[in-house]
Protein chains: 2
Amino acid sequence: MLADKKKITIAIVDDHPIVLEGLQKVLMQAYDYVSTICFNTGGEFLNFIKQSGTGTGIVLIDINLPDINGIELCRQVKTLSPGTCVLAFSNHNERSTIMKMLQNGASGYLLKNSSADEVVACINEALDGQIALSREAKEIMAKPSARDWQELPALTKREKEILKHVADGKTSAAIAAQLHVSPLTVETHRRNLMQKFNVKSMTAAVKVAMENGLL
Amino acid sequence: MLADKKKITIAIVDDHPIVLEGLQKVLMQAYDYVSTICFNTGGEFLNFIKQSGTGTGIVLIDINLPDINGIELCRQVKTLSPGTCVLAFSNHNERSTIMKMLQNGASGYLLKNSSADEVVACINEALDGQIALSREAKEIMAKPSARDWQELPALTKREKEILKHVADGKTSAAIAAQLHVSPLTVETHRRNLMQKFNVKSMTAAVKVAMENGLL
DNA sequence: TGAAAAATACCGGAAAACCAGTAGCTATAA
DNA sequence: TTATAGCTACTGGTTTTCCGGTATTTTTCA
């Protein structure tokens, strides 16, 4: 994998000097010409984007940053500059964290314990326009933890239906009219939903449902 | 990739007979011993799992099924049998669809226009405990469409804070107490949030926010 | 075919959310 | 140094949700 050398430009956002040094060294060994631009905080990098208007490019972002967290940073980067390719570089090894990062526009995820070869391979994948997950990240994504499902309440068909309408902002009366049932019935379903999700409002119920892909 | 032959068992859920035939042929060429079990509807497959209690194994699921949609089927399969490895096999090429599938526990996603080699490669990856995305799926995941971000309302720090609390089911009074502001202020933020998201209730606002990774 | 689960429906009352409009005070960026 | 954006706060009123308890009718499945 070290064979195909070329010229690349890459930004790194991480508050650990050692990590910055290490990455730079690895990259210099792997490519003929590397120019790295390092930042210690998310704010610095956002300013850089605003100023220089860097349309495209690759950036490695640590998830634990002093000012803002990497997930939020990722979304802001993508908002300001959708062409920028964001790779997460983190210790977090939970499936949900990887999912969130991808949902917010990241093109890849590298665990910090990845080998040098793996890092280079991922960057090459990213340059090639593919999603770049390190080996361990791929394995984490492949096996969602069992408990993620067994503890969730089982909703009936009608409850799911009402939940969807509630999440669309409809009132009980409106839902009742649409489904040709009494508003009081809809209210009953609402209460059952809140009880099943163990929450105090439908707003919270919608959040939990969304978190678990029920909506 | 056709070199490493071995014995595999695989289930396929698809209502197109041609697809079932095609997949079986490809698999038989790629592996020494293949046993395929085919189903035309989601319900049939769920019954099979309930009966036989198949703890593990690989299943290819089409997203467009006559009875239930593949995303919902995936979550039900994972609920009944978390050890089962689900690969989506579909024509849908939207990033959001792939994300939803992964969020509901799928271990991979194959576009239906994938080559035979690609299908086999993905199944091998899945057998190896990795996430399996076909080439095109990887590319789709790598580049989230630009418009996904530019049309979203920009929330202020305070608004995000209130949104989080609302999504947790807290009342305006409770939030106000916690943030040391007037309940009336919280109400104002609520209204601004609804206006920005262009929805009629906070419930709907939470849904939109969740859909876009803002929570 | 019988038990369990689901869907339907009601009452009365308290709490909270939503609506429309206004406005001062503060930090920040052009 | 002005705009501008964001945070704060108010009045007064309407609508909706949420809570408690109960109960009949379908549907489903063992």
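Proteins get letters first, then strands, A, B, ... in listed order; numbering begins at 1 in each.
For A:Leu184 and C:dG13, the CG to P distance is 15 Å, given to the nearest whole Å. Regarding A:Asp168, its CG atom lies at a distance of 17 Å from the P atom of D:dT16, rounded to whole Å. Following rounding to the nearest Å, A:Ile175 (CD1) and C:dA7 (P) show an atom-to-atom distance of 15 Å. One interatomic measurement links the two molecules: CG of A:Leu193 to C1' of D:dC19, which rounds to 16 Å at whole-angstrom precision. The distance from atom CG of B:Asn192 to atom P of C:dT22 is 15 Å, rounded to the nearest whole Å. For the pair B:Leu179 CG and D:dA9 C1', the computed distance is 15 Å after rounding to whole Å. Here the C1' atom of nucleotide D:dG21 and the CD atom of A:Glu187 are 15 Å apart, to the nearest Å. Atom-to-atom, CE of A:Met194 to P of C:dA16 comes out at 13 Å; the value is rounded to the nearest Å.
Each of D:dT17, C:dA7, C:dC18 was ranked by its minimum atom distance to the side chain of B:Met202; first place goes to C:dC18. Nearest to the side chain of B:Ser172, among D:dC18, C:dC18, C:dA17, sits C:dA17. For B:His189, whose side chain is taken as the heavy atoms from C-beta onward, the closest listed nucleotide among C:dA7, C:dA17, D:dT8 is D:dT8. For A:Val181, the listed nucleotide lying nearest its side chain is C:dA9; candidates were D:dG21, C:dA17, C:dA9.
Nucleic acid contact class of A:Thr188 (heavy atoms, under 4.0 Å, all strands): base. Counting any heavy atom pair closer than 4.0 Å across all strands shown, A:Ser201 reaches sugar-phosphate atoms only and no base atom. If you check every strand for non-hydrogen atoms under 4.0 Å, A:Ser182 touches sugar and phosphate atoms only. Looking at heavy-atom distances under 4.0 Å, A:Arg190 makes contact with sugar-phosphate atoms alone, never a base.
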Problem - Worked verdict on B:Lys200 versus A:Asp168 for salt bridge (Lys or Arg N to Asp or Glu O under 4.0 Å) - result: CA-CA 9 Å; B:Lys200 288 197 268 310; A:Asp168 281 336; over 6 Å; no
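By the 6.0 Å contact criterion, CG on B:Asn113 is enclosed, its count of non-hydrogen atoms from other residues, nucleotides or ligands being greater than 12.
Of all the heavy atoms in B:Lys78 and A:Pro144, the pair that sits closest is CE-CG, 3.8 Å. The shortest non-hydrogen separation linking A:Ala11 to A:Phe45 is CB-CE1, 3.9 Å.
Between the side chain of B:Ser107 and the backbone N or O of A:Ala142 there is at least one donor-acceptor pair closer than 3.5 Å. Counting only distance, with no hydrogens or angles, the side chain of A:Lys196 and the backbone of A:Ala154 share a donor-acceptor pair below 3.5 Å. In terms of modelled atom types and a separation under 3.5 Å, the side chain of B:Lys207 and the main chain of A:Val206 share no donor-acceptor contact.
No option in A:Asp14, A:Asn93, A:Asn91 other than A:Asp14 meets the side-chain hydrogen bond (donor to acceptor under 3.5 Å, both in side chains) test with A:Lys112.
Computed from C1' positions of five pairs at each end, the angle between the two local axes of the helix from C:dT1-D:dA30 to C:dA30-D:dT1 equals 80°, rounded to 10 degrees.
Phosphate proximity of D:dT8 to B:Arg158: present, with a side-chain N or O under 4.0 Å from OP1 or OP2. Close to C:dA7, at under 4.0 Å from its OP1 or OP2, lies no side-chain N or O of A:Thr185.
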